[in-house]
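Because only heavy atoms are used, hydrogens play no part in the values below, and waters and symmetry mates are left out as well, while side chains stay in. Along the sequence shown, the residues carry numbers beginning at 1.
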Amino acid sequence: MSKVRPVSGGGRAVEVPPERLTGWFTRFAARHGGVVTTSVTPGRCLVTAADGTTASVASTFGEFTPASESEGLVLDAVLAHALAPRRIGLLLVRLGGHSIGVAQDGLVLVSTTDSHQVHGRNKAGGWSQQRYARRREGQARVALQAAADDAARVLAPPARLGELDAVVLGGDRQALEALRGDRRLGEVFALASPRVLDVPEPRRAVLDEAAERARAVEVVVRETPRNS
């Protein structure tokens with residue numbers, strides 16, 4: 001089943017595997033009275049249905065080409081972009097662990113996964129709470145340092161960076177921002193796609209799923225409000 005999430009401003013984002021894009025848009029057209037236009041710019045493809053509903057795709061790995069404005073449903077630019085072979089770095093981090101790897105067309109080739117205990121917040125007050133907070137902060141530092149070290153080892157070597165078309169991030173945004181501050185990872189984050197995958201505690205199985213999701217196209221659907 002495709003993953004769906006709400007998006008700001010109304011609407012929903014649907015992850016669609018590249019091989020299913022044609023079928024997904026065909027069904028979209030059937031549900032909304034057909035497609036009127038397809039507009040392609042370097043950064044976005046916008047499909048507008050007869051009832052005003054739109055389905056848009058952002059170009060996450062480079063740009064769509066060629067730019068065009070067409071009647072009906074024309075997916076050539078999106079399909080060429082989505083189906084292009086790519087080698088992608090994966091960096092999944094939460095305070096309790098991390099999973100890092102390199103995938104080619106959805107298949108993980110190189111990986112490392114590790115977990116670290118980081119206690120939750122203590123609601124007790126006084127010295128006990130302060131001592132607990134200091135311990136938690138120390139555990140978080142150790143976990144993030146381990147993630148940074150593994151990311152530097154797996155993704156940052158120049159030979160490895162030169163092979164990557166992009167890096168896809170996932171997990172906790174605060175943890176990722178902490179890693180972004182590591183100077184060794186500057187070029188890794190320079191390759192990062194703006195999309196951040198929402199993933200559970202990183203494990204190898206989660207990395208395998210992320211490798212497939214990294215290929216998926218996120219289609220944002222916004223429906224025209226109906227008059228009451």
To check you understand the geometry: which heavy-atom pair defines the closest contact between [X] and [Y], and what is its length?
| X | Y | answer |
| --- | --- | --- |
| Leu92 | Ala210 | CD1-CB, 3.8 Å |
| Ile100 | Ala151 | CD1-N, 3.4 Å |
| Ala67 | Thr41 | CB-CA, 4.3 Å |
| Pro202 | Thr113 | O-CG2, 4.0 Å |
| Val7 | Arg222 | CG2-NH1, 3.9 Å |
| Ala175 | Leu144 | CB-CD2, 3.8 Å |

Closer than 3.5 angstrom, by distance alone: can the side chain of [X] be matched with the main-chain N or O of [Y] as a donor-acceptor pair?
| X | Y | value |
| --- | --- | --- |
| Ser59 | Pro42 | yes |
| Asp105 | Arg86 | yes |
| Arg94 | Val199 | yes |
| Thr38 | Gly72 | yes |

Is the shortest heavy-atom distance from the side chain of [X] to the side chain of [Y] under 4.5 Å?
| X | Y | value |
| --- | --- | --- |
| Arg180 | Leu185 | no |
| Glu15 | Leu197 | yes |
| Val168 | Phe61 | yes |
| Leu161 | Val188 | yes |
| Phe25 | Val35 | no |

Quick one: [atom1] on [X] to [atom2] on [Y], what's the gap to the nearest 0.5 Å?
| X | Y | atom1 | atom2 | answer |
| --- | --- | --- | --- | --- |
| Thr26 | Arg20 | OG1 | CZ | 14.5 Å |
| Arg27 | Thr22 | CZ | OG1 | 10.0 Å |
| Gln145 | Asp182 | CD | CG | 6.5 Å |
| Leu91 | Leu176 | CG | CG | 6.0 Å |
| Gln104 | Arg215 | CD | CZ | 10.0 Å |
| Ser39 | Arg44 | OG | CZ | 7.5 Å |

For [X], look at atom [atom1] and say whether over 12 heavy atoms of other residues, nucleotides or ligands are found less than 6.0 Å away.
| X | atom1 | result |
| --- | --- | --- |
| Arg173 | CZ | no |
| Glu19 | CD | yes |
| Asp198 | CG | no |

Between [X] and [Y], does at least one N-O distance fall below 4.0 Å, as a salt bridge requires?
| X | Y | value |
| --- | --- | --- |
| Asp149 | Arg184 | yes |
| Arg213 | Glu218 | no |
| Arg204 | Asp208 | yes |

Open item on the list: Applying side chain to side chain contact (heavy atoms under 4.5 Å, CB included) to Asp150 and His98, what does each step give before you reach the verdict?
Closed with: CA-CA 9 Å; Asp150 278 350; His98 60 271; 2.8 Å; yes
Open item on the list: Ignoring hydrogens and geometry beyond distance, is a side-chain donor-acceptor pair present between Thr53 and Glu223 at under 3.5 Å?
Closed with: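 Looking only at side-chain atoms, Glu223 and Thr53 do not form any donor-acceptor pair under 3.5 Å.
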Consider only side-chain heavy atoms of I, L, V, M, F, W and Y, link residues closer than 4.5 Å, and tell whether [X] and [Y] are in one cluster.
| X | Y | value |
| --- | --- | --- |
| Leu164 | Ile88 | no |
| Val74 | Leu46 | no |
| Val93 | Val108 | no |
| Leu207 | Leu155 | no |
| Val221 | Leu75 | yes |

Open item on the list: Students often mix this up, so state it plainly: with edges at 30° and 60°, are the rings of Phe64 and His81 parallel, tilted or perpendicular?
Closed with: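 Aromatic pair Phe64/His81 classed perpendicular.
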- [ ] Would you please classify the geometry between the Trp24 ring and the Phe28 ring as parallel, tilted or perpendicular, with 30° and 60° separating the classes?
- [x]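 Taking Trp24 first and then Phe28, their aromatic rings lie parallel (interplane angle under 30°).
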Open item on the list: For Glu163, give me all partners under salt bridge (charged side-chain N to carboxylate O under 4.0 Å, His left out), at least two apart in sequence or on another chain.
Closed with: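 In terms of salt bridge (charged side-chain N to carboxylate O under 4.0 Å, His left out), with neighbours along the sequence ignored, Glu163 is linked to Arg87, Arg160.
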